[in-house]
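Written below as structure tokens is the structure these notes are about.
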Amino acid sequence: MSVIIALFLGLVQGIAEFLPISSSGHLSILQNLFRMNYSDESHLLFDVLLHMGTLVSICAVYRMEIKEMIVDGVEYLRLKSDSNSDEPVTLKPPGRALLFVIIGTLPLFVFFWIPVSRLFFNTFFIGFALIITGCILYVASNFIKEGNKTDKTMTLTDAILIGLAQAVAVLPGLSRSGTTISVGLARGLEGSFAVRFSLLLSIPAVLGATMVSIYRAIAGGADFSLLPTYLAGFVVAAGVGYFTIHFLRRLMINHKFGNIAYYCWGVGLVTIIWTLVR
């Protein structure tokens, strides 16, 4: 793998991971279009670092919220375990958000066993899934009224349904962020909070996938001689991802979230046509 390819794929990962256009779908299309065979066992380490880069982006943007969630969760457990306290213990909003992130992650364990790896090489399916993603974004933006739920009023049902949306979005071409944000809006979440909860929900998923991929990379004989090249992609993914998150938040504030539907439709249609004629 050349440095140019690593930088390019880091750029794609940093943009597509957060904008509702499916990073897995775009990386698969590029790999099939330009025959970039970076996804074999020897390059799994690169895939790990790309996802770690976008994870760093999330943690950098929402560092204060993450800190509050952890502190409040630990404090809640400490007070609950204090046998000398007779006062009722309740979770504060950050602690509730942490609980719902954990609950929303659980559906992934059900869908984890569904074999979807072959679909990453099926560009016709990916193109069709991108069109579906566009439809989801368009409906969420034009036919669903933004609610006012935040971490103070979000319900257990909301977390489960958004978690199910994240689990279904393991299919390449279905945008994880687009699907979870859209379901959040449908459940009455406030727009900015829907974006924040969607991105925070991805943290356990990325960490879990990273642990599995690291094991597979080491077992498969990762090429550590290419580590400097891989790190270049990591840095680009992290830096671009940081600014893409802010751009996504701005799109939601300005009510232009649904405009990305046209892009998904265009890329999906082109991908299907290219698949049929090649």
Side-chain angles (χ1 to χ4, degrees), residues 17-21 57-59 61-77 80 88-111 132-170 174-206 244-261:
E17 179 68 21
F18 300 118
L19 290 186
I21 58 177
S57 302
I58 300 172
C59 293
V61 174
Y62 292 108
R63 56 190 180 279
M64 296 305 299
E65 289 85 349
I66 294 172
K67 178 181 178 182
E68 290 175 354
M69 288 165 59
I70 295 174
V71 169
D72 192 57
V74 171
E75 180 68 10
Y76 174 79
L77 293 176
K80 286 288 289 185
V89 182
T90 58
L91 274 172
K92 298 176 184 177
R96 295 182 83 248
L98 176 61
L99 175 63
F100 289 144
V101 165
I102 295 173
I103 292 173
T105 304
L106 296 180
L108 278 174
F109 291 97
V110 177
F111 284 77
I132 296 300
T133 293
C135 293
I136 293 173
L137 298 178
Y138 187 83
V139 170
S141 180
N142 292 278
F143 297 99
I144 296 177
K145 185 178 180 181
E146 182 179 328
N148 55 11
K149 287 183 181 179
T150 63
D151 45 8
K152 296 180 180 179
T153 53
M154 184 181 181
T155 67
L156 178 64
T157 303
D158 298 332
I160 293 174
L161 291 177
I162 296 173
L164 285 171
Q166 175 174 254
V168 173
V170 299
L174 278 182
S175 167
R176 193 209 66 83
S177 62
T179 305
T180 53
I181 292 172
S182 296
V183 171
L185 293 174
R187 292 295 303 174
L189 267 61
E190 186 268 330
S192 296
F193 178 68
V195 172
R196 186 193 347 152
F197 185 77
S198 169
L199 297 182
L200 293 175
L201 185 64
S202 71
I203 294 178
V206 172
T244 303
I245 292 174
H246 286 290
F247 180 65
L248 174 62
R249 295 165 69 181
R250 182 59 56 185
L251 284 177
M252 182 60 70
I253 292 174
N254 294 333
H255 304 287
K256 295 182 178 180
F257 177 72
N259 290 352
I260 301 178

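Small disclaimer: the values here were computed from a predicted structure and weren't measured.
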Spacing of Phe257 atom CZ and Ser177 atom OG [to the nearest 0.5 Å]: 6.5 Å
side-chain contact (heavy atoms from CB on, under 4.5 Å) partners for Ala205, two or more places apart: Leu108, Gln166
Straight-line distance of Leu185 CG to Glu190 CD, nearest 0.5 Å: 9.0 Å
Exercise: identify the closest heavy-atom pair between Thr179 and Ala169: OG1-CB, 4.2 Å
Sequence-distant partners of Lys256, side-chain contact (heavy atoms from CB on, under 4.5 Å), two or more places apart: Leu251, Asn254, Asn259
Any donor-acceptor pair under 3.5 Å from Asp72 side chain to Glu68 backbone: no
ring-ring contact (aromatic ring centres under 6.0 Å, His included) partners of residues 140-170, not counting sequence neighbours, each pair once: none
In a table with atom names and distances, give each donor-acceptor pair under 3.5 Å that connects a side chain of residues 97-106 to protein atoms at least two apart or in another chain.
| unit_1 | atom_1 | unit_2 | atom_2 | d |
| --- | --- | --- | --- | --- |
| Thr105 | OG1 | Val101 | O | 2.7 |

Separation of Ile66 CD1 from Cys59 SG (nearest 0.5 Å): 4.0 Å
Worked check of side-chain contact (heavy atoms from CB on, under 4.5 Å) between Arg187 and Thr157: CA-CA 9 Å; Arg187 292 295 303 174; Thr157 303; 3.7 Å; yes
Working for side-chain contact (heavy atoms from CB on, under 4.5 Å), residues Ile162 and Leu189: CA-CA 11 Å; Ile162 296 173; Leu189 267 61; 4.0 Å; yes
Nearest heavy atoms of Ala261 and Gly134, plus distance in Å: CB-O, 3.1 Å
Pairwise distance CG(Asn148) to OG1(Thr153) - rounded to 0.5 angstrom: 6.0 Å
Closest heavy-atom pair and its distance - Ile260, Pro20: CD1-CD, 3.4 Å
Results of salt bridge (charged side-chain N to carboxylate O under 4.0 Å, His left out) for Glu65 - residues two or more places apart only: none
ring-ring contact (aromatic ring centres under 6.0 Å, His included) involving His246 - partner list, sequence neighbours excluded: Tyr242
Expected list for residues 192-201: side-chain donor-acceptor pairs under 3.5 angstrom, two or more places apart:
| unit_1 | atom_1 | unit_2 | atom_2 | d |
| --- | --- | --- | --- | --- |
| Ser198 | OG | Arg176 | NH2 | 3.4 |
| Ser198 | OG | Thr180 | OG1 | 2.6 |

Atom pair OG/CG of Ser175 and Leu137 - distance to nearest 0.5 Å: 6.5 Å
All pairs passing salt bridge (charged side-chain N to carboxylate O under 4.0 Å, His left out) where residues 135-149 contributes a residue, at least two apart: Lys149-Asp158
Set of salt bridge (charged side-chain N to carboxylate O under 4.0 Å, His left out) partners for Lys92, sequence neighbours left out: none
Residue Tyr76 excluded, over 12 heavy atoms near OH under 6.0 Å: yes
Salt bridge (charged side-chain N to carboxylate O under 4.0 Å, His left out) involving Arg249 - partner list, sequence neighbours excluded: none
Check against side-chain contact (heavy atoms from CB on, under 4.5 Å), Val168 and Leu164: CA-CA 6 Å; Val168 173; Leu164 285 171; 5.5 Å; no
With sequence neighbours excluded, residues passing side-chain contact (heavy atoms from CB on, under 4.5 Å) with Thr244: Ile15, Phe18, Leu19, Val240
Minimum side-chain heavy-atom gap Thr150-Pro93 below 4.5 Å: no
Under the side-chain contact (heavy atoms from CB on, under 4.5 Å) test, residues paired with Thr90 that sit two or more places apart: none
Verdict with supporting geometry, Ile58 and Val206, side-chain contact (heavy atoms from CB on, under 4.5 Å): CA-CA 11 Å; Ile58 300 172; Val206 172; 5.8 Å; no
